[in-house]
Amino acid sequence: MRIFWKLVAAFAVVFSISSAAFAADAKPHRIAIQVDQNDPATMNLALNNVTNIMKHYGDKGETVEVEVVAYGPGLNMYRDDKSPVKDRLKQISEMAFPSKVKFSACNNTKQGMEKKEGHPITIVPEASLVPSGVVRLSELQEQGWTYIKP
């Protein structure tokens, strides 16, 4: 009978070690979403994707990292003076935990808009500047992130 309990204990140890190793090896969920159009419907679709992704993994007890990269005409999504989705950006930022959401604004586009319009452009506080939106998307893909273009 002692042998039986020793085998049960050994099995439990091996099972717990392999389960922990499996959990540590699980691929993280990381998704990059591109917005390159000055179209409220496209912006809202991208934000719907973010919300649905976070809900899906949250319901499974998993976390996800999502980064929405806006460049070209899509930068209007993050302009404090023009964003048609400013309230949603704030709402999604506040509800993201324990998942992570990042809003990245292309500085190349911002500088081009400032030059064309002749005044500084303010980006919403939820977004942060990246040197180049296209380069940022490329870097994320090189790091294994899944790419989505709504």
Exercise for the section: Could you please spell out the steps behind the side-chain contact (heavy atoms from CB on, under 4.5 Å) verdict for V35 and Y78? Expected result: CA-CA 10 Å; V35 176; Y78 298 147; over 6 Å; no
Exercise for the section: Locate the shortest heavy-atom distance separating G74 from A70; write the atom from each residue and the value. Expected result: O-CB, 3.5 Å
Handout entry: Pairwise side-chain contact, T122 with R79, heavy-atom cut-off 4.5 Å (strictly under)
Key = no
Exercise for the section: Can you establish whether the number of heavy atoms outside Y147 located under 6.0 Å from its atom OH is more than 12? Expected result: yes
Problem - Salt bridge flag under 4.0 Å for residues K102 and E65 - result: no
Handout entry: Residue pair P131 / C106: nearest heavy atoms and the distance that separates them
Key = O-SG, 4.4 Å
Exercise for the section: State plainly whether one hydrophobic cluster holds both M43 and I92, where clusters connect Ile, Leu, Val, Met, Phe, Trp and Tyr through side-chain heavy atoms under 4.5 angstrom apart. Expected result: yes
Practice task
Identify whether I33 and M95 are in the same connected component of the hydrophobic contact network (ILVMFWY, side-chain heavy atoms under 4.5 Å).
Solution key: yes
Handout entry: L89 side chain near S83 side chain, heavy-atom distance below 4.5 Å
Key = yes
Exercise for the section: Tell me whether I31 is reachable from V134 by hopping between hydrophobic residues (I, L, V, M, F, W, Y) whose side-chain heavy atoms are closer than 4.5 Å. Expected result: no
Practice task
Before giving the answer on side-chain contact (heavy atoms from CB on, under 4.5 Å), spell out for Y71 and L137 the whole-Å C-alpha distance, their side-chain angles and the decisive distance to 0.1 Å.
Solution key: CA-CA 10 Å; Y71 65 90; L137 285 167; 3.8 Å; yes
Problem - Beyond-backbone contact of L140 with E67, side-chain heavy atoms, under 4.5 angstrom - result: yes
Problem - From S104 atom OG to I123 atom CD1, the distance as rounded to the nearest 0.5 Å - result: 11.0 Å
Exercise for the section: Say whether V68 and V130 are linked into one hydrophobic cluster, either directly or through other cluster members, by side-chain heavy-atom distances under 4.5 angstrom. Expected result: no
Completion exercise
Distance col, row K90:NZ vs F103:CZ, nearest 0.5 angstrom, shows 13.0 Å
Practice task
Would you mind reporting whether Q34 and V69 have side-chain heavy atoms less than 4.5 Å apart?
Solution key: no
Exercise for the section: Using a 4.5 Å cut-off on heavy atoms from C-beta on, say whether the side chain of Q37 contacts that of P73. Expected result: no
Handout entry: Interatomic spacing from OG in S132 to CZ in R136 - rounded to 0.5 Å
Key = 11.0 Å
Exercise for the section: Answer whether the closest heavy-atom distance between the side chains of L47 and M77 falls below 4.5 Å. Expected result: yes
Problem - Euclidean distance, D39 CG relative to N76 CG, rounded to 0.5 Å - result: 11.0 Å
Fill in the blank from the handout: NZ (K115) and CD1 (I121) are apart, to the nearest 0.5 Å, by 13.5 Å
Exercise for the section: Indicate, with yes or no, if V50 and L75 share a hydrophobic cluster defined by side-chain heavy-atom contacts under 4.5 Å among Ile, Leu, Val, Met, Phe, Trp and Tyr. Expected result: yes
Exercise for the section: Find the distance between CE (M54) and CG (N49) and round it off to the nearest 0.5 Å. Expected result: 11.5 Å
Practice task
Before giving the answer on salt bridge (Lys or Arg N to Asp or Glu O under 4.0 Å), spell out for K86 and E126 the whole-Å C-alpha distance, their side-chain angles and the decisive distance to 0.1 Å.
Solution key: CA-CA 9 Å; K86 188 178 356 182; E126 293 77 23; over 6 Å; no
Handout entry: Minimum heavy-atom distance between A46 and P150, given as atom pair plus value
Key = CB-CG, 3.7 Å
Problem - Derivation of the side-chain contact (heavy atoms from CB on, under 4.5 Å) call for T109 and M113 - result: CA-CA 6 Å; T109 301; M113 287 180 171; 3.9 Å; yes
Exercise for the section: Scan for ring-ring contact (aromatic ring centres under 6.0 Å, His included) pairs involving residues 34-62, sequence neighbours excluded, and state none if there are none. Expected result: H29-Y57
